[in-house]
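This report refers to the structure that appears directly beneath it.
Read the numbers this way: they start at 1 and go in the same order the structure lists the ligands and their atoms.
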Amino acid sequence: MPRLGVNIDHVATVRQARRTNEPDPVWAAAQAQLGGADGITVHLREDRRHIQDRDVRLLIETVSAKLNLECAIEEEMIDIAADLHPQQVCLVPERREEITTEGGLNVAGNQKQVEHAVKTLRAAGISVSLFIDAQADQIDAAKAVGADAIELHTGKYALSSGDDRHKELAKLHMAVDRGLSNDIEVHAGHGLTYDNVVPVASINGVQELNIGHSIIARSIFVGIQQAVRDMKALVGEPWWRAIG
Ligand code: PXP
């Protein structure tokens with residue numbers, strides 16, 4: 001059963017709407033862990049539209065679960081990430097005009113740049129994951145550049161329906177198998193919700209799911225702890241069994 005990484009970017013989105021100090025993503029991380037989160041994920045974007053450097057610094061000090069920092073492969077961001085020293089960095093493509101991360105990183109087409117980023121981070125003792133589409137060439141390239149893990153982009157699966165959804169799920173199954181046969185850890189995320197998560201969480205070999213928007217959206221009505229518990233009940237061990 002996969003670990004659940006809770007992406008708390010959108011807590012910071014609400015704060016940044018007023019450029020004030022509430023709600024604090026550091027509080028959200030504590031609540032998410034009380035609800036059973038196995039990890040906390042944040043995306044430090046180049047435009048700092050939600051998560052700020054201060055958030056990452058405090059989260060690294062206070063989060064006892066795994067801290068996964070998403071960032072672009074730009075030199076400046078890699079240096080910041082290496083300096084901050086989270087447990088894991090997930091390298092993602094980034095475009096300023098996008099609302100959210102739209103596609104996977106083109107590792108196969110940018111092998112040198114990605115390899116340099118992976119090497120820098122691994123030399124700093126950080127585990128590196130690459131956010132990629134479920135394509136064989138990208139998975140093989142991720143292995144070739146020395147990544148510890150891949151995170152499969154589940155956005156197309158999440159947005160599809162009917163036969164297309166079956167096809168997207170089949171691609172994810174293929175990608176998980178290819179990742180495992182390449183001896184690389186397989187994660188998945190993006191667009192996963194309480195309604196669509198189970199088929200992905202049930203794929204044998206998926207070790208981590210990173211889920212943000214759906215959990216934070218539900219938390220407005222039920223609180224973060226409960227929203228995480230609800231997701232945890234779908235993707236893995238119920239929180240009360242994990243601590244009992
Ligand atoms: N994984 C990665 C690499 C992402 O960039 C995001 C969005 O920030 C997520 C997972 C979470 O996506 P969502 O908010 O749609 O659950």
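R165 places a side-chain heavy atom less than 4.5 Å from the side chain of N196.
Residue H213 approaches ligand 1 through these ligand atoms, each under 4.0 Å from one of its heavy atoms: 13 (P), 14 (O), 16 (O). Shown in contact with N7 at under 4.0 Å from a heavy atom are these atoms of ligand 1, numbered in order with element: 8 (O). Applying the 4.0 Å criterion to heavy atoms of V92 picks out, from ligand 1, the atoms 3 (C).
Of the options S214, S129, G191, the smallest heavy-atom separation from atom 15 (O) of ligand 1 is shown by G191. Proximity annotation for atom 7 (C) of ligand 1: of H50, R45, E151, H190, H190 comes nearest, heavy atoms only.
For H10, no heavy-atom contact with ligand 1 is shorter than 4.0 Å.
With a 6.0 Å radius and a threshold of 12 heavy atoms from other residues, nucleotides or ligands, R54 has its CZ atom above the threshold.
Side-chain contact, N68 with T41: a donor N or O sits under 3.5 Å from an acceptor N or O. A side-chain N or O of E94 and one of H43 form a donor-acceptor pair less than 3.5 Å apart.
The protein non-hydrogen atom at the shortest distance from atom 2 (C) of ligand 1 is E70 OE2, 3.1 Å. The nearest heavy-atom contact from the protein to atom 16 (O) of ligand 1 is G212 N, 2.8 Å.
Of the charged side-chain nitrogens involved, at least one lies within less than 4.0 Å of a carboxylate oxygen, so that E185 and R3 count as a salt-bridged pair.
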Going through the distances and angles, do R218 and H213 end up as a side chain to side chain contact (heavy atoms under 4.5 Å, CB included)?
-> CA-CA 9 Å; R218 179 176 292 213; H213 187 266; over 6 Å; no

